[in-house]
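Below you'll find the structure, written out as structure tokens, and then a few comments.
Every number for a ligand or one of its atoms is a count from 1 in the order of the listing. If you're wondering where the values come from, they're calculated on a predicted model, not measured in any experiment.
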Amino acid sequence: MSQMQKKYIDLHIHTTASDGLLTPEEVVEIAAKEGLSAISITDHDSIDGYLSAQEKAEELGIELIPGVELSLTHKGEDFHLLGYLIDCENPEFLKKISSFQEERRIRGEKMVEKLNDLGIDLSMETVKSIAGKGSVGRPHLADALVKEEFVHTYEEAFARYLGYHAQAYVPKKYLTPKEGIELIHLVRGVAVLAHPGNTRTSQAIYDFLPLGLDGVEAYHCKHDRDTTRNLTNTAKKLGLIYTGGSDCHGRKKDKILIGTVKVPYSCLDMLRKVKEQNY
Ligand code: AMP
Ligand code: ZN
Ligand code: FE
Ligand code: FE
């Protein structure tokens, strides 16, 4: 007897619209080659990648789910919030994310200034040429530091300068968890806490729960099987849904991350069900 073909999805992918290296069209092509049924492009503070990928997704018969990844500040630390099935035409939302992109440019300049103070002669022009139209992030600065040979590798750039609390790190400060979840709900989306794979982030599930959090990202490239299982169990216990994705940024080492994290199609069914129930 033939077994029904299992359907897989990838709900966390970055493109050149933020700090990914693959274009939205390339992402869709790779997803098709990987045999995925559905994907979500979840760029930092941008939906431009999602919009650009629509035509290719239709052509190749892949379901494309509108998504975004927002940054939150909570207890002085950075957390990421994924918003799914969002209404991409809401003017208030579009204005907000474009202001976050502006904040990212300003933060990028501050980090360049910090690097300059450390004697590293990196220019914002180099960073801008790498970021292109994408919303500026630390990965662009890391690429710029490698390109100008101030460090040997992307990882070294984070370890020495750009990682949390490293010498040139500048935090982002623009959304509280409440504001972030409200913003996703304003556009009739489903709010999911991104990669809560360590103690610090998994603790936040309980903090965000009373604020209306809808789900947690259980499957992720940095979650081992135990972590994924623990997170799905926690979600079930708390009445949350769980989702997952590769968080592919398309950098050399992880170029093939799309589709490597096996996320069952049922996660997308859960997202749709929450959306139906909430709105
Ligand atoms: P940003 O939103 O500008 O703070 O940049 C966050 C992104 O930087 C994340 O999505 C990761 O892709 C990348 N990142 C953060 N920390 C590291 C690290 N220690 N090593 C490599 N990449 C990192
Ligand atoms: Zn990123
Ligand atoms: Fe993230
Ligand atoms: Fe991400």
Side-chain angles (χ1 to χ4, degrees), residues 9-24 26-27 31 39-50 53 65-74 77-84 86 97 100-101 103-105 107-108 111 127 130-144 154-155 157-158 162-164 169-172 174-175 177 180-181 184 189 191-198 200-202 204-205 208 213 215-223 227 231 242-255 257-261 263:
I9 61 179
D10 188 335
L11 299 179
H12 192 156
I13 303 173
H14 294 272
T15 74
T16 46
S18 66
D19 53 9
L21 293 187
L22 298 165
T23 65
E26 284 169 335
V27 163
I39 60 168
S40 184
I41 289 177
T42 50
D43 278 309
H44 302 281
D45 303 322
S46 173
I47 55 159
D48 295 348
Y50 160 72
I65 310 304
V68 72
E69 186 171 23
L70 303 177
S71 299
L72 311 175
T73 308
H74 175 61
E77 305 255 25
D78 196 21
F79 293 85
H80 291 174
L81 185 72
L82 295 159
Y84 289 115
I86 52 178
I97 59 173
F100 299 155
Q101 288 174 29
E103 296 255 8
R104 279 179 168 277
R105 271 190 293 278
R107 171 185 178 239
M111 287 193 279
V127 177
I130 288 170
K133 285 185 182 160
S135 59
V136 178
R138 285 180 287 157
H140 297 127
L141 277 101
D143 287 343
Y154 178 80
E155 288 73 24
F158 275 92
L162 304 170
Y164 272 133
Y169 177 69
V170 174
K172 283 167 293 178
Y174 44 78
L175 274 180
I181 292 167
I184 297 302
V192 174
L193 181 62
H195 40 71
N198 58 41
R200 177 182 75 90
T201 42
S202 64
I205 299 170
F208 296 0
L213 184 71
V216 297
E217 186 176 49
Y219 304 87
H220 185 268
C221 66
K222 293 198 172 133
H223 294 177
T227 305
L231 285 166
Y242 51 91
T243 67
S246 63
D247 206 355
C248 176
H249 282 74
R251 277 189 174 65
K252 243 189 242 147
K253 244 176 64 185
D254 63 1
K255 193 149 193 143
L257 272 192
I258 294 172
T260 56
V261 178
V263 183

Answer key: the N, O or S atom of His80 nearest to the Fe ion (ligand 3) is ND1

Should Lys222 and Asp247 count as an ion pair when the cut-off is N to O under 4.0 Å?
no

Of all the N, O or S atoms in His12, the one nearest to the Fe ion (ligand 4) is NE2

His249 NE2 to His44 NE2 via the Zn ion (ligand 2), rounded to 10°, gives 140°

- Message: For a distance under 2.8 Å, tell me if Asp247 has an N/O/S atom near the Fe ion (ligand 3).
- Response: no

Of all the N, O or S atoms in Glu69, the one nearest to the Fe ion (ligand 3) is OE2

Minimal heavy-atom distance between Leu141 and Gly108, with the atoms involved, is CD2-O, 4.2 Å

* Asked: Do Ser135 and Asp45 get their side chains close enough for a donor-acceptor pair, meaning under 3.5 Å?
  -> no

Are side-chain N/O atoms of His12 and Glu69 paired as donor and acceptor at under 3.5 Å? yes

query = Does His44 put an N, O or S atom under 2.8 Å from the Fe ion (ligand 3)?
reply = no

Would you say the Fe ion (ligand 4) has His249 as a near neighbour, meaning an N/O/S atom of that residue under 2.8 Å away?
no

- Can an N, O or S atom be found in Asp19 less than 2.8 Å away from the Zn ion (ligand 2)? yes

Are His14 and His44 close enough that their ring centers fall under 6.0 Å?
yes

- From the Fe ion (ligand 3) out to just under 2.8 Å, does an N/O/S atom of His195 turn up? yes

Handout entry: Any side-chain donor near an acceptor of the partner, His140 and Asp19, under 3.5 Å
Key = no

Worksheet item: Should the pair Asp48-Lys133 be classified as a salt bridge under the 4.0 Å nitrogen-to-oxygen rule?
Response: no

